[in-house]
Amino acid sequence: MATTESQTPSSASPRGDGPHFEPALAGEWDACHLAARDTVVDTLRALGVEPAALDHVARLRLYYRSMFLLSCWADDAATRRTLTTDLAMHVVSMKLLDDLMDADSGLDAFDLGISSLRLLLLGTERLSRHGACRELLQSQERHFDSVCSGQLRCKREPATDLESWLLYARDYGGRFLSAYGRFGGLAAGLGERASIPESFAWGFGMIITIADDLTDHVRHGERIGNLGAMLIDGVVGPEEVESVLEDERARACDAAAALPTAYDLRPVVDVYADDIRRRIMPRLLAGTFVR
């Protein structure tokens with residue numbers, strides 16, 4: 001899952017310089033984000049990880065914040081706080097593995113590898129404490145078998161049009177985050193109904209992936225397989241991207257309304273989707289997008 005740190009909804013913070021949500025949601029979201037971040041950083045500090053890597057992990061805002069959203073099917077605040085941290089352990093391990101494979105973070109490869117392994121093992125163990133351990137492990141195997149094979153295909157044959165881009169994005173965006181939606185649902189005791197937060201996370205993950213690819217074209221000059229480059233080159237039309245975006249918005253919002261949650265997550269989905277339609281895409285196409 002990608003992060004888009006600057007001038008996007010993922011920059012929302014306790015300082016009040018991002019989008020505003022209802023006070024109860026914003027307060028618990030911030031508190032769970034900070035608790036998860038501190039626990040992950042403290043775990044790696046105790047392991048002996050270098051300060052540069054600790055700083056990198058501390059700045060992975062959307063990884064922590066999205067895990068809170070996927071805890072919102074849990075009944076009580078204490079469980080949501082614990083679950084946010086447990087999910088964050090696992091997802092940050094995947095982010096560090098991605099950094100290791102990309103070899104572009106400037107961080108020590110040994111630190112990245114050891115940190116990823118430690119957080120993966122600890123995150124899996126902590127999630128299993130919530131119950132449904134067998135189902136969680138089976139889900140982890142099923143999701144990541146698809147994610148890993150999809151990543152290999154993407155590496156060997158980069159996307160050249162919308163159809164091929166969607167094929168890959170559904171693995172490293174939708175399917176990747178949907179794994180954590182299912183983990184969260186199983187840990188919250190939903191059983192087979194864990195398919196509902198799984199569906200929410202798929203839609204939300206695709207929205208994040210669209211935003212990330214469009215901004216990466218500007219931030220890093222990415223062109224090979226990049227959706228933003230395809231838009232600029234006319235290979236993909238804006239209306240096609242908007243159609244995909246609206247399908248994923250509907251998927252996430254329908255799932256958010258299907259079962260009771262601690263907070264209504266539909267406004268959160270709308271903030272991220274609207275940011276793409278109203279700011280990122282128009283500025284990209286006009287050549288005025290800046291970090």
Side-chain angles (χ1 to χ4, degrees), residues 1-12 18-22 25-26 29 61-63 65-73 91 143 159 161-182 184-185 193-217 226-228 230-231 236-285 289:
M1 186 187 72
T3 57
T4 307
E5 297 292 349
S6 299
Q7 300 186 42
T8 66
S10 62
S11 295
H20 299 285
F21 300 105
E22 61 172 289
L25 167 59
W29 198 356
R61 292 186 55 81
L62 191 53
Y63 285 85
R65 296 185 74 77
S66 59
M67 294 305 104
F68 168 74
L69 300 179
L70 304 183
S71 79
C72 282
W73 280 262
V91 78
H143 279 86
D161 54 24
L162 183 60
E163 182 179 359
S164 56
W165 185 86
L166 282 171
L167 176 67
Y168 299 143
R170 286 169 181 149
D171 280 325
Y172 62 71
R175 196 178 310 280
F176 177 76
L177 197 64
S178 76
Y180 294 96
R182 187 163 191 87
R193 295 180 300 167
S195 61
I196 291 173
E198 181 180 13
S199 182
F200 170 86
W202 183 293
F204 192 64
M206 286 296 293
I207 291 169
I208 293 169
T209 300
I210 292 169
D212 186 72
D213 236 38
L214 298 182
T215 54
D216 274 351
H217 177 65
N226 181 274
L227 184 61
M230 294 180 204
L231 266 173
V236 177
E239 69 285 350
E240 294 178 285
V241 177
E242 290 179 0
S243 177
V244 173
L245 177 65
E246 293 309 316
D247 286 347
E248 299 303 339
R249 185 204 302 257
R251 185 200 304 268
C253 287
D254 288 349
L259 281 176
T261 50
Y263 303 99
D264 185 357
L265 301 181
R266 289 170 293 182
V268 178
V269 174
D270 286 338
V271 164
Y272 282 83
D274 288 345
D275 190 50
I276 295 172
R277 291 199 65 156
R278 298 174 183 174
R279 185 183 66 87
I280 297 176
M281 277 185 54
R283 293 186 183 182
L284 176 68
L285 293 170
F289 187 89

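This chain uses plain numbering: 1 for the first residue, then up along the sequence.
For P282, the side chain to side chain contact (heavy atoms under 4.5 Å, CB included) test picks out no residue, with sequence neighbours left out. In this structure Y263 satisfies the side chain to side chain donor-acceptor pair (under 3.5 Å) test together with E28, sequence neighbours excluded. A search for side chain to side chain contact (heavy atoms under 4.5 Å, CB included) contacts involving D274 returns R249, D270, R278, not counting sequence neighbours. Evaluation of the side chain to side chain donor-acceptor pair (under 3.5 Å) rule for E198 yields H143, R182 as partners, not counting sequence neighbours. Residues meeting the ring pair (Phe, Tyr, Trp, His ring centres under 6.0 Å) test with W73, sequence neighbours left out: F200. Listed by chain and residue number, R266 satisfy the side chain to side chain donor-acceptor pair (under 3.5 Å) test with D264 (two or more places apart in sequence, or in another chain). Every residue was checked against the salt bridge (Lys or Arg N to Asp or Glu O under 4.0 Å) condition with R193, not counting sequence neighbours, and none meets it. Under the side chain to side chain donor-acceptor pair (under 3.5 Å) criterion, S164 pairs with D161, sequence neighbours left out.
Taking each heavy atom of A252 and F204 in turn, the nearest pair found is CB-N, 4.0 Å. Of all heavy-atom pairs between L25 and V268, the closest is CD2-CG2, 4.0 Å. Residues P197 and G185 come closest through the heavy atom pair CG-CA, 3.8 Å.
The main-chain N or O of G205 is found under 3.5 Å from a side-chain atom of T209 such that the two form a donor-acceptor pair. No side-chain donor-acceptor contact under 3.5 Å links E246 to the backbone of S243. A donor-acceptor pair under 3.5 Å is formed between the side chain of W29 and the backbone N or O of R65.
If you take CZ on F21 and CG on L265, they are separated by 10.0 Å, rounding to the nearest 0.5 Å. Between L62 atom CG and D212 atom CG the span is 9.5 Å, to the nearest 0.5 Å. Expressed to the nearest 0.5 Å, how far CD1 of I207 lies from CD1 of I276 amounts to 6.5 Å. L259 contributes atom CG, which lies 3.5 Å from atom CD1 of I196 (distance to the nearest 0.5 angstrom). Between L285 atom CG and L231 atom CG the span is 5.5 Å, to the nearest 0.5 Å.
Taking the side chain as every heavy atom from C-beta outward, V269 and E248 never approach each other to under 4.5 Å. In this structure, Y272 and L245 have side chains that are not in contact, with every pair of non-hydrogen atoms separated by 4.5 Å or more. You'll find the side chain of E242 reaches within 4.5 Å of the side chain of M281, heavy atoms only.
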Throw together a table of side-chain donor-acceptor distances under 3.5 angstrom for residues 173-181, partners on residues two or more places apart or in other chains.
from : atom 1 : to   : atom 2 : distance (Å)
R175 : NE     : D171 : OD1    : 2.9
S178 : OG     : G174 : O      : 3.3
S178 : OG     : R175 : O      : 2.9
Y180 : OH     : H90  : ND1    : 2.7

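Counted within 6.0 Å of CD on E163, heavy atoms from surrounding residues, nucleotides or ligands total 12 or fewer; the atom is thus considered open.
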(message) Please determine whether side chain to side chain donor-acceptor pair (under 3.5 Å) holds for the pair W165 and N226, giving the CA-CA distance in whole Å, both sets of side-chain angles, and the decisive distance to 0.1 Å.
(response) CA-CA 8 Å; W165 185 86; N226 181 274; over 6 Å; no
